[in-house]
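These notes concern the structure reproduced below.
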Amino acid sequence: MHSVFRPKHQKLILQCYPSPKLSTAETKPNQAELSYLVFYASSRRTKLEKVGEFLLKKTSADISHKRVGHLKVTLYILQELITKCSEDLGFMTPYVVNIMKDIVDLGDLSTCQLATRVFVTYCHTLQPIQRQVFSST
């Protein structure tokens, strides 16, 4: 019953995660659901912020339960959001940075490597004006 009352952005995010029966090595997001999530998140900035906020909460829960596979899916979701929603990347920044920090603090090598690739994509995607804003803070 609880999932019936979830906001749409939460349902879309949770649908991106595959069956828990898969091994950690083969954990990838459900591509069709991920595409719809990116389309949904890119439609308005407030939705993008809600997606970022929920991903941060989910990351904390996944870290506390040692769900490395889910963390990798979260990173793949972030990668897609970063590349497809680059115009509004500033709205995702606090969530991206905190998710990366939390994942790196976990210390799992393969997850840290994936997080590094996502962060590099994030840095390359920042627009010049966004770089100026971040460097002045």
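In what follows, every heavy atom counts, from backbone to side chain, and hydrogens, waters and symmetry copies are set aside.
Counting all heavy atoms, side chain and backbone alike, N98 lies closest to P94 at ND2-O, 2.9 Å. Between C112 and I103, the shortest heavy-atom distance links the atoms SG-O, 4.2 Å.
If you take NZ on K50 and CZ on R44, they are separated by 8.5 Å, rounding to the nearest 0.5 Å. Going from atom OG of S35 over to atom CD of E80 covers 6.5 Å, rounded to the nearest 0.5 Å. Atoms OH and NZ, from Y36 and K11 in turn, are 11.5 Å apart once rounded to the nearest 0.5 Å. Atoms CG and CG, on L55 and D62 in that order, are 10.0 Å from each other to the nearest 0.5 Å. Note: I13 CD1 to K8 NZ = 12.5 Å, rounded to the nearest 0.5 Å. One finds the OG1 atom of T83 at 13.5 Å from the NE2 atom of H124 (value rounded to the nearest 0.5 Å).
Between Y76 and L114 there is a side-chain heavy-atom pair separated by less than 4.5 Å. No side-chain heavy atom of V51 sits under 4.5 Å from any side-chain heavy atom of Y95. Counting heavy atoms from C-beta outward, L75 and Q79 have side chains that stay 4.5 Å or more apart. Side chains of Q15 and N30 form no contact here, defined as non-hydrogen atoms less than 4.5 Å apart. Between L106 and T111 there is no side-chain heavy-atom pair separated by less than 4.5 Å. Counting only heavy atoms from C-beta outward, the side chains of D102 and L56 approach each other to under 4.5 Å. At a threshold of 4.5 Å between non-hydrogen side-chain atoms, the residues Q113 and L109 count as touching. The closest side-chain heavy-atom distance from L71 to D108 is not below 4.5 Å.
Side-chain heavy atoms closer than 4.5 Å link hydrophobic residues (I, L, V, M, F, W, Y) into clusters, and following such links, possibly through other members, connects F39 to L34. In the hydrophobic clustering of ILVMFWY residues, with side-chain heavy atoms under 4.5 Å counting as a link, V97 and L48 come out apart. Linking ILVMFWY side-chain heavy atoms closer than 4.5 Å, directly or via other members, places V104 and F119 in two distinct hydrophobic clusters.
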Query raised in the report: Checking side chain to side chain contact (heavy atoms under 4.5 Å, CB included) for the pair L37/E33: CA distance, chi angles, key distance, verdict?
Result: CA-CA 6 Å; L37 172 64; E33 301 298 338; over 6 Å; no
Query raised in the report: Would I63 and D105 satisfy side chain to side chain contact (heavy atoms under 4.5 Å, CB included), going step by step from the backbone distance to the final call?
Result: CA-CA 10 Å; I63 287 172; D105 286 348; over 6 Å; no
Query - Verdict with reasoning, M92 to I82, per side chain to side chain contact (heavy atoms under 4.5 Å, CB included) - result: CA-CA 8 Å; M92 284 286 297; I82 289 167; 5.9 Å; no
Requested in this report: Please lay out, stage by stage, how L78 and Y122 fare under the test side chain to side chain contact (heavy atoms under 4.5 Å, CB included).
Outcome: CA-CA 9 Å; L78 279 180; Y122 168 79; over 6 Å; no
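The aromatic rings of Y17 and H70 sit tilted, their planes meeting at an angle between 30° and 60°.
For the pair R45 and E49, the salt-bridge criterion is not met [side-chain N within less than 4.0 Å of a carboxylate O].
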